[in-house]
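This is a predicted model, so every value here is computed, not measured. First the proteins, then the strands, lettered A, B, ... as listed; each starts at 1.
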There are 2 protein chains.
Amino acid sequence: MTLTRTTKLERGRGALGPALELVHTGRAPTRAVLTAELGVTRATAGAVAAELAALGLITVDAHPVAAEGTQGRPSHRLAIDPAGPVVLAAQVHADGFRAALVGLGGRIVATAPGCMTVGADPAHVLGEVVDSGAALLRETRRRCVGAGLAVPSAVAEPEGTALNPLHLAWDAGAPVREIFSGCLAERDIPSGLSGGPATGWTANDVNLAALAEHRHGAGRGAQHLLVVGTGHRGVGGALVSHGKLHTGSSGLALEVGHLTVDPTGRPCHCGGRGCLDVEADPLAFLEETGRRPGPEVSLLEQALELIRAEYDTDARVRAAAGTLIDRLGLGLAGLVNILNPDRIVLAGLHRALVDVDGARLRGAITERSLWGRSGELPVLPCSLRHNSLVGAAELAWQPVLDDPLRLLPA
Amino acid sequence: MTLTRTTKLERGRGALGPALELVHTGRAPTRAVLTAELGVTRATAGAVAAELAALGLITVDAHPVAAEGTQGRPSHRLAIDPAGPVVLAAQVHADGFRAALVGLGGRIVATAPGCMTVGADPAHVLGEVVDSGAALLRETRRRCVGAGLAVPSAVAEPEGTALNPLHLAWDAGAPVREIFSGCLAERDIPSGLSGGPATGWTANDVNLAALAEHRHGAGRGAQHLLVVGTGHRGVGGALVSHGKLHTGSSGLALEVGHLTVDPTGRPCHCGGRGCLDVEADPLAFLEETGRRPGPEVSLLEQALELIRAEYDTDARVRAAAGTLIDRLGLGLAGLVNILNPDRIVLAGLHRALVDVDGARLRGAITERSLWGRSGELPVLPCSLRHNSLVGAAELAWQPVLDDPLRLLPA
DNA sequence: TGTCTTTGTGTCGTTGGCAAACAAATCTGT
DNA sequence: ACAGATTTGTTTGCCAACGACACAAAGACA
């Protein structure tokens with residue numbers, strides 16, 4: 001008679017995903033905290049932690065050390081397994097791309113920048129991106145369990161097409177997700193998961209930056225996080241509500257670039273005037289300062305450098321920053337009235353603006369937003385270095401976070 | 001030895017809530033459909049249906065009749081028990097109030113309008129509202145399991161205070177939910193649920209209208225439903241995302257009245273110019289037609305009557321409607337770019353506008369919204385008579401839908 | 001009438017978790 | 001040093017909530 005014992009490892013399957021997410025986002029430093037956060041018994045939490053450790057995703061330290069000022073038996077520390085699997089993450093922008101391997105917890109394990117041939121088509125660029133990632137995988141000999149890509153364009157759902165890749169010289173409507181997935185398949189990047197080949201998860205870069213900031217950065221703990229930022233041209237936005245990206249019904253939500261912030265302002269390609277896209281992006285800033293943008297580095301870098309180097313010494317730079325802050329504040333106030341976020345995080349050029357005069361920005365928002373608690377609404381600079389890249393990794397990690405048992409044995 | 005058998009009725013507890021919601025929203029006409037929608041076995045679905053019937057919430061017909069053109073054994077029909085419990089729902093507006101008893105399925109069982117003393121304070125008004133509801137309960141002898149209230153003001157969460165009850169002559173910040181709950185307790189309206197006294201669920205009327213339209217009306221099945229409408233003054237909005245109201249972090253989301261639709265337009269009390277609130281509400285419409293609004297009935301009713309009676313004959317009325325449609329379209333386009341809904345439902349005056357010239361409104365939205373599929377975006381009139389009232393009932397039903405076992409035995 | 005199709009019901013086994021008793025590890029006070 | 005106090009981890013027993021399966025029921029169709 002075969003006695004199939006219900007082993008401890010088979011318990012707690014339902015809580016595996018939530019538990020991994022807690023460790024992933026740093027909200028479960030110890031097993032005791034995990035127990036409380038999951039709302040389960042110590043027995044169940046123990047089984048869950050053991051199973052995640054058996055899957056090679058987390059580590060449970062063998063010899064816990066007591067925290068200071070606490071009584072009782074010290075709890076085992078939980079941590080992301082530093083030798084665990086990684087995902088391939090990449091970000092494409094106007095000047096080039098960056099490929100990386102990212103572990104759980106949003107930790108970048110290895111990364112490499114790449115140049116982009118001007119005018120190259122998406123298949124060519126994404127091929128280079130995946131080649132670069134594959135090289136990192138060979139160097140580090142890490143197991144890969146997914147791939148994610150951030151692009152500076154709205155991405156239509158569920159097709160995965162790039163609708164306005166203006167700064168990449170790609171065709172509008174290019175099937176980016178399909179192309180990326182194809183590149184992964186061609187180069188035999190395994191999915192690492194049960195059920196099908198590797199899927200190249202693809203989304204808009206600001207959306208992914210927001211996701212990353214919510215899970216690992218300045219947006220941590222926010223219920224309704226609004227992220228607004230610039231790349232090299234234009235302004236993008238994203239909303240993370242209750243931990244999930246609000247992408248809308250077809251991925252086109254938070255296209256905030258065409259909020260009107262100056263009815264008499266610059267004409268915009270959308271047909272209107274004074275849109276945020278043309279009034280509060282790096283080019284607009286450079287124009288306000290009276291400088292001629294040079295072709296050597298990106299507009300964003302020129303703008304950031306100008307603020308860094310001359311904000312304290314050049315009144316024109318200060319005035320330009322103030323002008324952009326007021327416009328941005330107007331746009332944000334409109335968004336606050338519609339979305340009622342409990343935190344705002346700014347990226348790109350806007351991050352620099354809140355750094356140099358956060359008070360003015362907060363004032364501009366409060367002045368135009370309604371009965372809210374906007375005075376108490378935190379407006380913070382983003383806190384992660386490569387937030388779109390980390391966000392692309394989040395996308396790729398999501399299936400694992402949803403059900404860790406889908407991981408194939410190493 | 002006591003043999004405590006696991007009876008059939010104790011099964012399927014976890015699926016009770018989802019099952020009741022399916023019947024409530026009309027998505028489970030038969031037990032077979034319920035089985036498929038829940039994704040459980042027939043045995044479990046049977047147990048769930050039996051338990052809901054035992055709770056007095058639904059009926060399972062004894063002698064099923066085969067549907068035409070189908071083979072196999074006919075499935076039992078599921079329906080809301082017409083003798084089941086009700087909730088007390090009420091709506092307050094500038095001219096008065098309306099109290100009602102509403103059963104599951106959004107069916108209004110009994111209703112009575114009420115006048116409001118001009119300038120009366122909230123405690124007085126809500127006292128009359130609850131008295132009116134209590135009278136209906138005595139008349140109908142129905143069991144009451146909750147109470148909900150719709151107010152024409154933003155309601156701050158989690159406090160439940162009315163932030164801008166401009167049209168009610170109430171103080172801004174009046175603790176409406178607390179007052180309503182107090183009135184219920186004073187009059188011994190039972191909660192009908194385990195755990196505590198009756199709670200007077202309270203929310204903004206447009207939000208509740210949106211919830212009602214999503215569950216029982218023109219918004220059924222939408223993933224991201226945007227509702228915009230007028231009461232007697234001003235413009236309100238609401239978003240239902242994946243079946244849940246997006247209230248934002250403190251209940252103040254979708255305050256769409258201050259979107260700018262005409263930079264050179266009327267001054268608004270918010271300090272700006274040309275806000276939707278003053279450019280697309282019933283007063284604005286009446287002004288555009290050149291009529292002097294009379295004091296006898298509400299502005300909304302005057303506007304609706306004017307459209308009904310004179311749209312076909314009076315060019316000035318048509319022109320005014322066109323002007324408002326264009327402004328509304330501009331505002332909606334902005335919202336579409338931010339929220340990316342897959343359906344728009346219009347209420348109040350805006351419902352009449354889409355009725356008389358929906359094509360113009362759809363054109364105005366498409367023209368200004370970006371790379372979306374806005375051409376395919378349905379823009380519909382609302383379809384429920386008292387949608388805020390039904391929405392208030394939804395609020396009160398929610399605890400029962402979440403866990404029907406909280407219902408106390410009759 | 002027999003067969004097919006679909007739906008409802010009863011039985012059994014598995015699973016995922018809880019409760020409680022116990023064991024372990026550390027702090028605190030004497 | 002030693003005895004509680006406190007907190008955490010582990011083991012055992014148990015049970016509710018299902019699914020799987022076989023069978024029964026009720027109609028359509030030939």
### Task
State which of dT8(D), dG8(C), dA20(D) makes the closest approach to the side chain of Ala43(B).
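Out of dT8(D), dG8(C), dA20(D), the nucleotide with an atom closest to Ala43(B)'s side chain is dA20(D).
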### Task
Look at the side chain of Arg42(B) and decide which nucleotide, out of dC18(C), dG27(D), dG8(C), has an atom nearest to it.
dG8(C)
### Query
Do any side-chain nitrogens or oxygens of Thr44(B) fall under 4.0 Å of OP1 or OP2 in dG19(D)?
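The answer is yes; a side-chain N or O of Thr44(B) sits under 4.0 Å from OP1 or OP2.
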### Check: Thr25(A)/Arg27(A) side-chain N/O donor and acceptor closer than 3.5 Å
yes
Each nucleotide N or O in nucleotides 2-4 of chain C that has a protein N or O under 3.5 Å away: list the pair and distance.
none

### Task
Could you list the residues that satisfy salt bridge (Lys or Arg N to Asp or Glu O under 4.0 Å) with Arg31(B), not counting sequence neighbours?
none
Side-chain donor-acceptor contacts of residues 401-410 of chain B below 3.5 Å, not counting sequence neighbours, with atom names and distances?
{"unit_1": "Asp402(B)", "atom_1": "OD1", "unit_2": "Gln398(B)", "atom_2": "NE2", "d": "3.1"}
{"unit_1": "Asp403(B)", "atom_1": "OD1", "unit_2": "Leu405(B)", "atom_2": "N", "d": "3.1"}
{"unit_1": "Arg406(B)", "atom_1": "NH2", "unit_2": "Ser194(B)", "atom_2": "O", "d": "3.1"}

### Query
Do any of residues 25-36 of chain B sit with a heavy atom less than 4.0 Å from DNA chain C, and if so which?
Arg31(B), Ala32(B)
### Test side chain to side chain donor-acceptor pair (under 3.5 Å) applied to Thr30(B) - qualifying residues, sequence neighbours left out
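Applying side chain to side chain donor-acceptor pair (under 3.5 Å) to Thr30(B) gives none.
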## Note on the structure
Gln223(B) meets the side chain to side chain donor-acceptor pair (under 3.5 Å) criterion, sequence neighbours left out, with His242(B)
### Task
Whole angstrom is fine here: how far is it from CZ in Arg77(B) over to P in dT6(C)?
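For the pair Arg77(B) CZ and dT6(C) P, the rounded distance is 17 Å.
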### Query
dA24(C) P sits how many Å from His76(A) NE2, rounded?
13 Å
### Message
Is it the case that dT8(D) (base atoms only) and Arg73(A) (side chain only) share a donor and an acceptor within less than 3.5 Å, ignoring hydrogens and angles?
### Response
yes
### Message
Side chains of Val23(A) and Leu104(A), heavy atoms from C-beta outward: is any pair under 4.5 Å?
### Response
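No, every pair of side-chain atoms sits at 4.5 Å or beyond.
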### Message
Take a 6.0 Å sphere around CZ of Arg77(A) and say whether it holds more than 12 heavy atoms from other residues, nucleotides or ligands.
### Response
no
### Query
Thr70(A) or Val40(A): which one's nearest nucleotide on DNA chain C is closer to the 5' end?
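It is Val40(A) whose nearest nucleotide is closer to the 5' end.
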### Message
Tell me which one of Leu380(A), Asn387(A), Val390(A), Val240(A) satisfies side chain to side chain contact (heavy atoms under 4.5 Å, CB included) with Glu213(A).
### Response
Asn387(A)
